[in-house]
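Treat the numbers as computed from the prediction; the structure is a model and nothing was measured.
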Amino acid sequence: MKLNYKFAVYLLSIGISSGLVAQSEEQYNSFLSQGTDSEKASALEYFGKEKKDKSKSSTVIEILNTSKNPKVTSRAAVALGYFAETGNAVEALKLKIESETDPTIVYPCLVALFHIQTKAEKPDEKIIEAFRFADKNRRSDELVASFIDKVKAKLNL
């Protein structure tokens with residue numbers, strides 16, 4: 001009888017914790033559209049790094065394109081890197097590199113593009129264009145310049 005009681009408590013705790021996870025995911029969903037910058041940053045990290053939820057890609061791209069907060073923008077770039085999808089994500093990251101000079105935004109965009117390229121089956125011309133643009137126009141920051149040099153060597157650019 002004592003064993004059944006412990007088993008029931010165990011099952012109850014699993015049910016409660018899975019309910020909390022589902023509630024957290026719902027909260028993170030609402031943070032993407034209605035949250036503060038800090039909440040959006042947390043949600044982007046959750047869906048990018050922890051869940052790798054590619055279904056959020058279009059929402060993340062929208063945040064990347066519209067956010068005025070560098071922390072949120074950089075987290076959006078990182079999330080897109082974790083999704084590792086070509087197409088719209090690559091185009092959005094490329095455009096962000098071309099339009100931004102802030103290294104706290106440019107660097108995560110470059111890292112995301114590099115990650116996407118390493119997961120791709122063949123070289124993506126837009127990623128190569130983005131790195132060539134960054135090589136010519138975004139080398140003022142030491143960290144960005146160093147990363148570009150490493151990528152050029154790795155991808156034979």
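Ser99 OG to Lys94 NZ: the interatomic distance, rounded to the nearest 0.5 Å, is 11.0 Å. In this structure, the separation between CD1 on Ile128 and CG on Asp135 is 13.0 Å, given to the nearest 0.5 Å. To the nearest 0.5 angstrom, Asn88 atom CG is 7.0 Å from Ser57 atom OG. Taken from NZ in Lys49 to OH in Tyr82, the straight-line distance is 5.0 Å, to the nearest 0.5 Å. We find the CG-CZ distance between Asn29 and Phe47 to be 4.0 Å, quoted to the nearest 0.5 Å.
Without hydrogens or angle criteria, Arg138 side chain to Glu100 main chain gives a donor-acceptor distance under 3.5 Å. Distance alone, capped at 3.5 Å, is enough to place a donor-acceptor pair between the Gln117 side chain and the Asp124 backbone. The backbone N or O of Leu64 lies less than 3.5 Å from a partner atom in the side chain of Lys96, making a donor-acceptor pair. A donor-acceptor pair under 3.5 Å is absent between the side-chain atoms of Ser146 and the main chain of Leu143, judged by distance alone. The backbone N or O of Ile63 sits nowhere less than 3.5 Å from a side-chain atom of Ser67 that would complete a donor-acceptor pair. A donor-acceptor distance shorter than 3.5 angstrom exists from the side chain of Asn65 to the backbone of Ile61, with no hydrogens or angles considered.
The cluster map of Ile, Leu, Val, Met, Phe, Trp and Tyr, joined by side-chain heavy atoms under 4.5 Å apart, puts Val151 and Ile127 in the same cluster. No continuous path of hydrophobic side-chain contacts links Ile105 to Phe147 [ILVMFWY only; heavy atoms under 4.5 Å]. Leu44 and Val90 fall within a single hydrophobic cluster, where Ile, Leu, Val, Met, Phe, Trp and Tyr side chains are chained together by heavy-atom contacts under 4.5 Å. A continuous path of hydrophobic side-chain contacts links Val60 to Phe31 [ILVMFWY only; heavy atoms under 4.5 Å].
Looking at residues two or more places apart in sequence or on another chain, you find no salt bridge (Lys or Arg N to Asp or Glu O under 4.0 Å) involving Glu39.
The side-chain heavy atoms of Glu91 and Leu95, taken from C-beta on, include a pair separated by under 4.5 Å. Contact check for Val106 versus Thr101: no side-chain heavy atoms found under the 4.5 Å cut-off.
Electrostatic pairing of Arg139 and Asp149 counts as a salt bridge here, judged by a charged N lying under 4.0 Å from a carboxylate O.
Of all heavy-atom pairs between Lys119 and Ala84, the closest is CG-CB, 3.8 Å. Minimum heavy-atom separation, Ala112 to Ala77: CB-O, 3.2 Å. Residue Ile97 comes nearest to Phe133 through the heavy atom pair O-CE2, 3.7 Å, listed as atom of the first residue, atom of the second, then distance. Of all heavy-atom pairs between Ser42 and Arg75, the closest is N-NH1, 4.2 Å. Residue Ala134 comes nearest to Leu110 through the heavy atom pair CB-CD2, 3.8 Å, listed as atom of the first residue, atom of the second, then distance.
Asp102 and Thr104 share a donor-acceptor pair across their side chains, judged by distance under 3.5 Å alone.
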Is there a side-chain contact (heavy atoms from CB on, under 4.5 Å) between Leu93 and Ile116 once you walk through the steps?
-> CA-CA 11 Å; Leu93 290 164; Ile116 292 168; 3.8 Å; yes
Would you check, one step at a time, whether the test side-chain contact (heavy atoms from CB on, under 4.5 Å) holds for Lys56 with Lys51?
-> CA-CA 10 Å; Lys56 303 292 183 223; Lys51 296 290 277 185; over 6 Å; no
Before giving the answer on side-chain contact (heavy atoms from CB on, under 4.5 Å), spell out for Tyr107 and Asp141 the whole-Å C-alpha distance, their side-chain angles and the decisive distance to 0.1 Å.
-> CA-CA 9 Å; Tyr107 182 77; Asp141 181 75; 5.8 Å; no
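Classified by interplanar angle (parallel below 30°, tilted 30° to 60°, perpendicular above 60°), the ring pair Tyr46/Tyr28 is parallel.
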